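Here's the structure, in structure tokens; my notes come after.
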Amino acid sequence: MSDKTYRRFDPWRPAPIREDTRKKIVETHYFDVDHVTFSTSDAEQFDRYVLRERNSDTVGVLAETDDGRIPLVEQYRIPTHRWTLEIPAGHAKDASERPLEVAVRKLREEAGFEAKEFTQFSRFINTPSFSTQHTALFHATGLTAVARDVIGPETPRSAVRLFTPDEAYRMVINGTIVDAKTIIALMRLRCGMEEER
């Protein structure tokens with residue numbers, strides 16, 4: 001493999017395929033699934049199923065208490081049949097709810113905190129091979145404890161656990177934390193802390 005690059009990377013250069021047909025086959029409040037047919041310049045056709053996010057980005061909140069601890073929420077995840085530790089996160093209720101509003105709501109509902117300040121620090125594509133889902137990450141500081149809501153029927157006994165950044169980082173490294181948005185948020189926090197030292 002050569003390490004030479006003959007052109008600059010351009011994520012918006014022309015597509016090598018053409019979309020021929022698209023049909024929505026599943027519709028939910030969070031996402032739709034489309035059956036899409038494509039063709040290549042050689043006239044070869046192929047099908048794909050695309051999960052299309054509705055109502056803007058998914059949102060995650062990396063919050064820090066005044067004493068430097070991070071609230072992580074215990075959640076039971078049905079598709080993987082396991083409990084996870086995650087930063088508070090979720091989707092817009094409808095098309096009018098903006099990402100910052102979702103961040104404020106999810107921090108309150110899931111972690112039981114309100115924050116004086118929110119700063120968006122990252123946005124990424126979750127699974128670009130089959131989904132349009134993006135996640136926007138916010139950093140929240142100036143926390144005040146408030147009452148939490150019930151997360152949902154699949155997580156009847158959810159708890160919020162507070163960890164130092166070092167404890168959370170070790171749980172990423174040892175595989176205790178497996179949720180991608182939480183890993184990305186904690187690693188970004190770790191990189192920022194190292195730059196400040």
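Quick caveat, the model's predicted, so the values are computed rather than measured.
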I would like to know whether W83 and Q75 meet side-chain contact (heavy atoms from CB on, under 4.5 Å); could you show each step before the answer? CA-CA 5 Å; W83 287 87; Q75 300 208 51; 5.6 Å; no

Going through the distances and angles, do R190 and D166 end up as a salt bridge (charged side-chain N to carboxylate O under 4.0 Å, His left out)? CA-CA 8 Å; R190 178 106 180 157; D166 283 341; 3.0 Å; yes

Side chain to side chain, [X] and [Y], heavy atoms closer than 4.5 Å:
X    : Y    : result
V61  : I87  : no
H91  : N55  : no
E64  : H139 : yes
L189 : Y169 : no
T127 : I125 : no
F138 : L100 : yes
T58  : Q133 : yes
L51  : D34  : no

Apply the test side chain to side chain donor-acceptor pair (under 3.5 Å) to residues Q45 and D20: give CA-CA distance (whole Å), side-chain angles for both, the deciding distance (0.1 Å), then the verdict. CA-CA 9 Å; Q45 280 200 323; D20 296 326; 3.0 Å; yes

Heavy-atom count around R22 CZ within 6.0 Å, excluding the residue itself: above 12?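 Counting neighbours around CZ of R22, more than 12 heavy atoms of other residues, nucleotides or ligands fall under 6.0 Å, so yes.
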
If a pair satisfies salt bridge (charged side-chain N to carboxylate O under 4.0 Å, His left out) and one of its residues is in residues 23-33, list it, with sequence neighbours excluded. K24-E27, K24-D32, E27-R54, D32-R52, D32-R54

Does [X] reach the main-chain N or O of [Y] with its side chain, forming a donor-acceptor pair under 3.5 Å?
X    : Y    : answer
R188 : A185 : no
D42  : E44  : no
D10  : W12  : yes

Under the side chain to side chain contact (heavy atoms under 4.5 Å, CB included) test, which residues partner D47, sequence neighbours left out? H35, T37

Tell me the closest heavy-atom pair linking [X] and [Y], and the distance in Å.
X    : Y    : value
A136 : D57  : CB-OD2, 3.8 Å
L107 : A115 : CD2-CB, 3.9 Å
P88  : P71  : CD-O, 3.9 Å

[atom1]-[atom2] distance between [X] and [Y], expressed to the nearest 0.5 angstrom:
X    : Y    : atom1 : atom2 : answer
L162 : R69  : CG    : CZ    : 4.5 Å
E114 : R105 : CD    : CZ    : 13.5 Å
Y76  : H81  : OH    : NE2   : 5.5 Å
R108 : F113 : CZ    : CZ    : 14.0 Å
I177 : E167 : CD1   : CD    : 10.5 Å
M171 : L186 : CE    : CG    : 8.0 Å

Using residues 141-148 as the side-chain source, report each donor-acceptor pair under 3.5 Å to any protein atom, sequence neighbours left out, with the distance given to one decimal.
| from | atom 1 | to | atom 2 | distance (Å) |
| --- | --- | --- | --- | --- |
| R148 | NE | E110 | O | 2.7 |
| R148 | NH2 | E110 | O | 3.0 |
| R148 | NH2 | S158 | OG | 3.2 |

I'd like to know if the side chain of E53 pairs up with that of S131 as donor and acceptor (distance under 3.5 Å, no hydrogens or angles considered). no

Ion pair E101/R98, N-O distance below 4.0 Å: no

Stepwise side-chain contact (heavy atoms from CB on, under 4.5 Å) test for H29 and K93: CA-CA 8 Å; H29 61 295; K93 291 179 182 177; over 6 Å; no

State yes or no: do [X] and [Y] share one hydrophobic cluster built from I, L, V, M, F, W and Y residues joined by side-chain heavy-atom distances below 4.5 Å, directly or via other members?
X    : Y    : value
F46  : V50  : yes
V178 : M187 : no
I184 : V102 : no
V36  : V26  : no
F38  : Y49  : no

Tell me every residue that passes ring pair (Phe, Tyr, Trp, His ring centres under 6.0 Å) with F118, counting only those two or more places apart in sequence or in another chain.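 In terms of ring pair (Phe, Tyr, Trp, His ring centres under 6.0 Å), with neighbours along the sequence ignored, F118 is linked to no residue.
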
Side chain to side chain contact (heavy atoms under 4.5 Å, CB included) with T182: of L85, L62, L72, only one passes, and it is L72

Restricting to side chain to side chain donor-acceptor pair (under 3.5 Å), what partner residues turn up for T65, sequence neighbours left out?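 Counting only residues at least two positions away or on another chain, T65 forms a side chain to side chain donor-acceptor pair (under 3.5 Å) with D67.
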
For E86, which residues count as a side chain to side chain donor-acceptor pair (under 3.5 Å) partner, sequence neighbours excluded?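 Once residues adjacent in sequence are excluded, the partners of E86 under the side chain to side chain donor-acceptor pair (under 3.5 Å) criterion are R77, T84, K181.
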
